[in-house]
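Throughout, a chain's letter reflects where its sequence line sits, starting with A, and its residues are numbered from 1.
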2 protein chains.
Amino acid sequence: MDIRLLVGQNLRRLRQARGWSQEDLALTAGVDRTYVSGVERGVRNPTVMVLCQFGAALGVEAAVLILEEGRCIVDRKQ
Amino acid sequence: MDIRLLVGQNLRRLRQARGWSQEDLALTAGVDRTYVSGVERGVRNPTVMVLCQFGAALGVEAAVLILEEGRCIVDRKQ
DNA sequence: TTGTGACTGACAGTCCGTC
DNA sequence: TGACGGACTGTCAGTCACA
C-alpha cells in the first residue's frame, strides 16, 4: 500500500467528516487548494511539516494521517 | 515542538535501541548516511515516503516516527 | 562514528487556468 | 466542488569532501 494513497484516503475521510471542501481545508492548513487535491489523490508526496499543518487544521495528530484504518493512538500504559 | 525535531528524536532513539550506527540505518533504509544525520538533528524535512522507508528499516509503522513519546498505536477497540 | 557545508537534479508547493 | 494541466519558485532528496 502506497503511503501516499493512505495519506490521501485519511485526509479525505477526515475532511469530509467535517463537511469541508478542499478549499476550506487548504485555507485552514495554509496550503494551496490544488495541492490538497493532489495529496488526496495520492499523486503528491507531502513532507512531515505539511502533514503537521493538515493535522493541526483537522484537529488531529499528524501521525493519524499515516495510520492505517483500524488502528489508533492511545496514551502508553505505565 | 517542531515536528522535524520530534522525528529526529524518535529516529535516533529507535536506531540506538537497535545498537545501529547511522550508516547501518542508512544502508537498511536505502538513504545516505549524511541524510540520516540531518533528519536526526531536525534540519531535514523528510517526505512521507522517506518516513516510510525509515519505518520499514526499523520494523515500525511510519506513524511511530511522528508520534510524541508516551503515546503508542493499538488496534482500534470495537 | 557523526556533523556539516556545498552542490545538482528532482520535486514540493503555488498560482494561473479549463473542464 | 473537484480533477487536472502548465509554468513557476523554493526546497527536498541524495551525494561528496572534510572536520
Subject >> Along DNA chain C (nearest heavy atom to each residue), the more 5'-positioned of A:Val43 and B:Arg41 >> reply: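 Residue closer to the 5' terminus by nearest nucleotide: B:Arg41.
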Taking only N and O in the side chain of [X], is any of them less than 4.0 Å away from OP1 or OP2 of [N]?
X	N	answer
B:Arg44	C:dG5	no
B:Arg12	C:dG3	yes
A:Gln53	C:dG13	no

Original post:
How is A:Arg4 classified with respect to the nucleic acid when contacts are heavy atoms under 4.0 Å: base, sugar-phosphate, or nothing?
Top reply: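 A:Arg4: no heavy atom of the nucleic acid under 4.0 Å.
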**OP:** Pick base, sugar-phosphate or nothing for B:Gly30, based on heavy-atom distances below 4.0 Å to the nucleic acid.
**Re:**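 Nothing, no heavy atom under 4.0 Å.
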**OP:** Taking the side chain as every heavy atom from C-beta outward, state whether A:Val36 and A:Val39 have any atom pair closer than 4.5 Å.
**Re:**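 Contact flag for A:Val36/A:Val39 side chains = no.
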Original post:
Quick one: does A:Val43's side chain get under 4.5 Å of A:Arg4's, heavy atoms only?
Top reply: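 No, their side chains stay 4.5 Å or more apart.
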Could you state the [atom1]-[atom2] distance from [X] to [N], rounded to the nearest angstrom?
X	N	atom1	atom2	result
A:Leu27	C:dG13	CG	P	17 Å
B:Glu23	D:dG14	CD	P	16 Å
A:Gln22	C:dT14	CD	P	14 Å
B:Arg18	C:dT1	CZ	P	19 Å
A:Met49	C:dA12	CE	C1'	13 Å

Original post:
Does A:Asp32 use its side chain to pair, donor to acceptor, with the backbone of A:Ala26 at less than 3.5 Å?
Top reply: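 Pair absent, no side-chain N/O of A:Asp32 close to backbone of A:Ala26.
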**OP:** With a 3.5 angstrom cut-off on both distances, give the Watson-Crick or G-U wobble partner of D:dT1, or none if there isn't one.
**Re:**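 WC or wobble partner does not exist here.
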Can you see which heavy atom on [X] is nearest to which on [Y], and at what distance?
X	Y	answer
B:Leu58	B:Arg18	O-NH2, 2.7 Å
A:Asn10	A:Leu67	ND2-O, 2.9 Å
A:Gly55	A:Leu65	N-CD1, 3.8 Å

Original post:
Looking at residues 31-40 of chain A, who's got a heavy atom less than 4.0 Å off DNA chain C?
Top reply: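 The answer is A:Val31, A:Asp32, A:Arg33, A:Thr34, A:Tyr35.
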**OP:** Would you mind checking if B:Glu40 and B:Arg12 are paired as a salt bridge, meaning a charged N to carboxylate O distance below 4.0 Å?
**Re:**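 So B:Arg12 pairs with B:Glu40 through a salt bridge.
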**OP:** Using heavy atoms to find the nearest nucleotide of DNA chain D for A:Ser21 and A:Thr47 separately, return the residue whose nucleotide is more 5′.
**Re:**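 It is A:Ser21, whose closest nucleotide lies nearer the 5' terminus.
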